[in-house]
Structures are given as structure tokens and as C-alpha cells.
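Working notes for the structure below.
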Amino acid sequence: MRIEEITLREIHMRLKERFETSFGALQDRRILLVEICSEGLSGWGEATVLESPSYNSEATDSAWLILRDFLIPLVLGKDIAEASALERTMAPVRGHEMAKAALENALWDIEAQQKAVPLACLLGATRSEIACGVSIGMQSSVSALLSKIATELRDGYQRVKIKIKPGNDLSLVQAIRRQYPEIRLMVDANSAYSLADNYRILALDSFNLMMIEQPLAWDDIYEHAILQAQLHTPICLDECIHNAGHAKAAIKLHACGVINIKLGRVGGHSEARRVHDVCVQSSIPVWCGGMLESGVGRAHNIAMSGLPGFVLPGDVSASRRYWHEDIIEPEVEVSSSGTICLPTAAGLGYTVRRSRIEQLTVRKETRSATPVQIAAQ
Ligand code: OSB
Ligand code: MG
């Protein structure tokens with residue numbers, strides 16, 4: 001696959017509802033999309049950055065700069081045999097996983113189209129539908145949270161995740177468990193706690209939570225191991241797992257019982273699959289995390305979630321939970337039993353709505369490779 005042309009663009013999309021976590025609130029998304037053109041095919045990827053470096057160290061503007069000035073120049077014009085080989089070409093750039101994932105995933109889309117198979121099949125999917133949960137942002141009151149949960153359960157979602165922070169934790173879980181003693185429930189702290197307030201986390205241990213996601217620092221593994229030793233509830237690591245090496249270390253240290261995999265956080269499908277494989281080998285269940293993606297990022301998440309280790313419901317939900325109008329067709333829909341059917345068309349399996357994307361674009365840069373030089377004989 002010769003990488004002939006790359007278009008980097010920023011689109012603006014407003015979430016239907018403000019999404020609040022322990023690190024802040026989000027509503028107006030500045031989403032980066034990458035389109036690669038190769039041998040008559042076009043592939044799409046999304047850099048799943050937030051607007052500020054509050055979840056990880058990347059952000060919309062830093063990813064734009066790294067892509068434009070470093071990654072695109074490295075890959076443009078290269079002839080790459082398989083999408084999984086693109087990592088090596090981008091290796092001179094350290095970190096910036098979300099920027100890299102946008103490019104690598106776009107190439108996976110192209111490779112799947114070239115081979116005329118759905119991306120999920122190319123990645124090694126073993127299922128035809130995936131299980132879906134929801135991640136509910138912090139609400140203005142307990143009753144608002146309870147009514148939100150009621151809506152999501154009515155829509156069929158298989159598990160509920162709520163966001164917590166110190167002081168906004170035990171009371172929420174108690175209230176939910178009073179009304180719903182049995183639902184599959186979990187909490188995500190987005191690194192809002194330290195070992196000094198471990199008692200707040202320990203207080204959640206008796207509520208039959210499926211897991212407690214990233215209670216401690218975004219870049220810590222060791223202290224999570226200390227906390228896990230005090231808890232029955234499995235810890236799920238999110239922020240601190242950037243590659244298969246981190247996953248191995250976390251598992252060996254008993255720092256977690258579950259890992260969520262986000263394509264952007266680990267740098268794309270190749271590394272995501274390695275993290276998946278490490279977890280499967282150690283019997284650590286995984287699920288697909290979300291970053292409030294547009295349809296492009298969501299379609300990649302859906303394809304990845306077909307792998308055999310994704311045994312728990314992911315934060316992969318319907319387009320209409322996020323957007324009035326998504327940028328893919330058909331929009332992602334969730335069945336009344338809380339599942340998404342893997343698409344059967346080649347590549348991403350959804351049609352990218354070019355005209356809609358054009359309307360939402362606020363900046364765009366296209367770089368073309370110079371034509372192949374005919375070597376002098
Ligand atoms: O920690 O999983 C997280 C959104 C933005 C940043 C981090 C996280 C989240 C979510 C939302 O929980 C998941 C989704 O519905 O896309
Ligand atoms: Mg999380």
C-alpha cells in the first residue's frame with residue numbers, strides 16, 4: 001500500500017449532553033480525522049484526543065502538530081506491505097499514541113478493503129456481535145443520575161458505569177444499589193484518588209461492583225498493586241496502560257484484574273491486539289474503552305471488540321447517545337438486548353459521510369507524495 005496522500009482535518013461536533021468526569025467537563029468536541037489515499041482506496045482514522053491534555057498528555061492541537069510536522073512526513077510516499085508494519089515507520093516519534101493510531105488505523109481500513117474483508121475479520125474477530133455498556137457522566141443530582149440509569153437500562157445496555165470523585169462516590173453507589181441491587185455496575189475515578197484516601201475506595205468494596213476503574217494516578221501502576229491487595233473488587237486499569245509492556249507489568253504486579261483497551265491510548269490496532277493477547281494469556285478479561293468518538297473512531301472500536309478476549313461489555317454505545325447526527329452511515333445502533341452487530345461490508349463497514357464531514361470541517365491540510373521516480377536503468 002503506497003501512501004499517496006494524507007488529509008488531516010479538524011471537525012467540530014457538539015455532544016448532545018455535557019459529559020463530566022473527575023478531570024472536567026466536555027461538550028464541544030474538536031475531533032481530528034485522518035484520511036489516507038492509497039492505490040484508489042481511501043481509509044479513515046480518528047485521533048481520539050480530548051481538547052486538553054487532561055485524560056492523557058495529548059490534546060487536539062498537539063496531535064495536529066505531531067501529525068503534520070512529524071508523523072505525516074515519515075509515512076508519506078512509503079510503500080507499506082501491511083498496516084501492522086506502519087508502527088516501525090513511525091517509531092522515531094516517541095509517545096503521541098493517539099496521533100499515531102489515527103494513521104495506523106486508517107491504513108488498517110485500507111488493507112481490509114484491499115483484501116475485501118471486514119476490518120474485524122482482518123484483526124481476528126471471533127464473534128459476530130459485541131456487548132455494549134454505557135459510561136454516564138457526573139450528573140447534577142442523585143435523582144438525575146438514577147433517571148439516566150433507568151433510561152439506559154430501558155434501552156437494553158448490559159452494564160452501567162458511573163464517574164466518581166472524592167465526596168461523589170459512596171452516596172451514589174449506595175443510592176444506585178438501593179434501587180438496582182443486581183445490575184452490572186462499575187465506577188470510573190479517572191485518577192481522582194491517592195493511596196492516602198484509600199478508605200474511600202475500600203468503602204465501595206461491598207457493593208458488588210464489577211470493577212473500579214483507574215482510581216489512582218494516570219501514570220501509576222505500583223500503587224494500584226498496593227490498593228488491589230486491599231480490595232476484593234477488581235481494579236480496571238485505563239489511563240496507565242499504553243502498551244503491552246505496561247499490561248504485562250500491571251498483571252505481574254497484580255495491580256488489576258481487568259484492563260480496558262482504547263485504540264488511541266495504545267497507539268492503534270497492532271498494539272491493541274498485543275495488549276489483548278497479553279491479557280488473554282493471563283486470563284485477564286478486557287473490554288473496549290471509549291473517548292466520546294465520532295462514527296469513525298466508533299467503527300474502529302466496534303471492529304476491535306470482535307476479538308475473543310473482549311468478554312466484558314465495552315463503552316461502545318449507539319451514535320445517538322452522543323450526536324444528533326453522526327458522520328457515518330448507517331449510524332451505530334444498539335439492539336434491545338444491548339448488542340451491536342459487527343458490520344459485514346469490507347473495511348470499516350460503515351460509509352463515511354464526506355459531505356457531512358466537509359460541513360463540520362474547520363481546518364484541513366492535504367499532503368501528497370511526489371510521484372514514484374522511475375529509476376534510471
Ligand atoms: O475514562 O473511560 C474514560 C470519556 C473521555 C475520557 C475518558 C473516559 C471517557 C468515558 C466515556 O468514560 C466513554 C464513551 O462513552 O466514549
Ligand atoms: Mg476510564
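Just so you know, ligand 1 is whichever comes first in the structure, and atom 1 is the first atom listed for that ligand.
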Only heavy atoms of Tyr55, strictly under 4.0 Å: list the atoms of ligand 1 that pass. 7 (C)

Assess whether a salt bridge exists between Arg265 and Asp238, defined as any Lys/Arg side-chain N lying under 4.0 Å from an Asp/Glu carboxylate O. yes

Which bit of Asn190 is near ligand 1, meaning a heavy atom under 4.0 Å away: side chain, backbone, both or neither? side chain

Mode of Gln214 contact toward ligand 1 - side chain, backbone, both, neither (heavy atoms, under 4.0 Å): neither

Joining Ile, Leu, Val, Met, Phe, Trp and Tyr whenever any side-chain heavy atoms lie under 4.5 Å apart, the cluster holding Met211 also takes in Met186, Met210, Val258, Trp287, Val311, Leu312

Going by side chain to side chain contact (heavy atoms under 4.5 Å, CB included), name the residues that satisfy it together with Glu239, two or more places apart in sequence or in a different chain. Tyr55, Asn190, Ser191, Gln214, Trp218

Below 4.0 Å, non-hydrogen atoms only: which portion of Asp188 touches ligand 1? Side chain, backbone, both or neither. side chain

Proximal ligand 1 atoms for Asp238, defined as those under 4.0 Å from one of its heavy atoms: 1 (O), 2 (O), 3 (C)

Of all the atoms in Asp315, is at least one N, O or S atom closer to the Mg ion (ligand 2) than 2.8 Å? no

Which of the N/O/S atoms in Asp188 sits closest to the Mg ion (ligand 2)? OD2

Shortest protein contact, atom 6 (C) of ligand 1 (heavy atom only): Met291 SD, 3.6 Å

Between Arg29 and Glu51, is there a salt bridge with N-O shorter than 4.0 Å? yes

How close does the nearest protein non-hydrogen atom get to atom 16 (O) of ligand 1, and which residue and atom is it? Leu292 N, 2.8 Å

For Lys262, the atoms of ligand 1 under 4.0 Å from one of its heavy atoms are 1 (O), 2 (O), 3 (C), 7 (C), 8 (C)

Under a 4.0 Å heavy-atom limit, does Glu213 contact ligand 1 with its side chain, its backbone, both, or neither? side chain

Distance only, no hydrogens: is a donor on one side chain within 3.5 Å (strictly under) of an acceptor on the other, for Glu104 and Ser270? yes

Phe19 heavy atoms within 4.0 Å reach ligand 1 at atoms 4 (C), 10 (C), 11 (C), 12 (O)

Just to confirm my output: which protein heavy-atom neighbour is closest to atom 15 (O) of ligand 1, and how far is it? Tyr322 OH, 2.5 Å

Protein heavy atom at shortest distance from atom 13 (C) of ligand 1: Gly290 O, 3.5 Å

Check all N, O or S atoms of Asp238 and name the one closest to the Mg ion (ligand 2). OD2

Strictly under 2.8 Å, is the Mg ion (ligand 2) approached by any N, O or S atom of Glu213? yes

Group every Ile, Leu, Val, Met, Phe, Trp and Tyr by side-chain heavy-atom contacts under 4.5 Å, then state whether Leu209 and Leu170 land in the same group. yes

Could you tell me whether a side-chain N or O of Thr60 sits under 3.5 Å from a main-chain N or O of Arg30, the two making a donor and an acceptor? yes

Non-hydrogen atom of Lys163 closer than 4.0 Å to ligand 1: yes

Is the shortest distance from a Lys or Arg side-chain nitrogen in Glu329 or Arg356 to a carboxylate oxygen in the other one below 4.0 Å? no

Would you call Glu358-Arg9 a salt bridge at under 4.0 Å N-O? yes

Which atoms from ligand 1 have a heavy atom of Ser135 less than 4.0 Å away? 10 (C), 11 (C), 12 (O), 13 (C)

Looking at Ser147, is its backbone amide N or carbonyl O close enough to the side chain of Thr151 to form a donor-acceptor pair, meaning the two atoms are under 3.5 Å apart? yes

Do Gln158 side-chain atoms and Gly338 backbone N/O form a donor-acceptor pair below 3.5 Å? yes

Is any NZ, NE, NH1 or NH2 atom of the basic residue among Arg159 and Asp188 found under 4.0 Å from an Asp or Glu carboxylate oxygen of the other? no

Checking heavy atoms under 4.0 Å, the part of Asn260 that sits near ligand 1 is neither

